[in-house]
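In what follows, every heavy atom counts, from backbone to side chain, and hydrogens, waters and symmetry copies are set aside.
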Amino acid sequence: MRFRLFFGIIAALFFVDGFGADARSSEQKRTIRIPVQQADLDGLNDCILSRSDDCRKCRQPNQSNLSLMNYTLLREALSEGGFEAEVQPVHSPNSERSRKMILSGQADIKTDWIFNISVDEGALQTEPVFLSGEIEKGLYARRNLLTPDRQLNIQDIRNLRAVGIRSWRLDWQVLESLSLASLSTAATTKQMFALIDAGRADFTLLEFSSQEDMGRQVDGIWLYPIQGVKISLPATQHFMVSASLRDSGMVVDALNRGIKRLRESGFIQRCLVNSGVINPAVAYWQTLNATASEAITKQAPTVSTQ
């Protein structure tokens, strides 16, 4: 009888300990939601489901899917910082909506520019993921505008018409600083491509593509960078963390540790290169916006919607 009681107690202890371990394991499994636009969602989901870890480690070109790059950096920064979580994409129609999703708690973390993150509205921010000037963009136009026999200079660019999305504050301010012939606003990337294709604008600002010719395509419309010139974006990008996320302060601390390690190991640089944001082929192209202050202090011009 005593032996039965003894073994019963031991079995019960194992059961309780095992149940507690399962409970702790379940407690440690967290889901972090990152908002992703529809254009990037399919490529990101394909990567998540891929048997190869290459696309989740920035080991291969990702055809300029910036959401995939941000997903990878968030996933790795959490892991390197010691916070175990599954990063799950959730659909968002645009960057402004993504920001509101973070503030309302419908999503948890996204990358954003420093000036878009307001701690007073329910957001926390990490240390910079991308440094000021680190992200470059090309002046993307239809191929028939490009002149392979010569490179355009700043005066040539000033004779052109640009289109941008005004809510993309930093891009818009850089375009203002170039003193262009005209600057039109569009509602979406799709509309920007359509306006250029219709001849109502000459170029827009886009991240460099990782493709060999650096072309980018939306709805069958291809745009290519004007050779020899580029712009740099004079601000830092951070992880924007919803203040309503459970243990948000702990998450920020983990991300800061992870960001430091990823930068020291060269992982962030590798992701930027393989996404096309940093393109070695344009290393010696002329940067048109000379200083950060020129880009961010100019008054907004009268906006044409034509």
Spatial distance of atom NZ (K57) from atom SG (C47) [nearest 0.5 Å]: 11.0 Å
Set of residues satisfying ring-ring contact (aromatic ring centres under 6.0 Å, His included) with respect to W168, sequence neighbours excluded: none
Which atom of T72 lies closest to which atom of C55, heavy atoms considered: OG1-O, 3.7 Å
Under 3.5 Å: donor-acceptor pair, side chain of Q211, backbone of M214: no
Salt bridge E134-R263, side-chain N to carboxylate O under 4.0 Å: yes
Donor-acceptor under 3.5 Å (K230 side chain, V282 main chain): yes
Set of side-chain hydrogen bond (donor to acceptor under 3.5 Å, both in side chains) partners for S244, sequence neighbours left out: S242
Residue pairs fulfilling ring pair (Phe, Tyr, Trp, His ring centres under 6.0 Å) with at least one residue in residues 257-289, sequence neighbours excluded: F208-W285
Residues N289 and S177: side-chain donor-acceptor under 3.5 angstrom: no
Closest non-hydrogen atom pair, A235 against F115: CB-CE2, 4.1 Å
Main-chain N/O of E80 paired to R261 side chain as donor or acceptor, under 3.5 Å: yes
Test item: N70 side-chain N/O and L66 main-chain N/O as donor-acceptor pair under 3.5 Å: yes
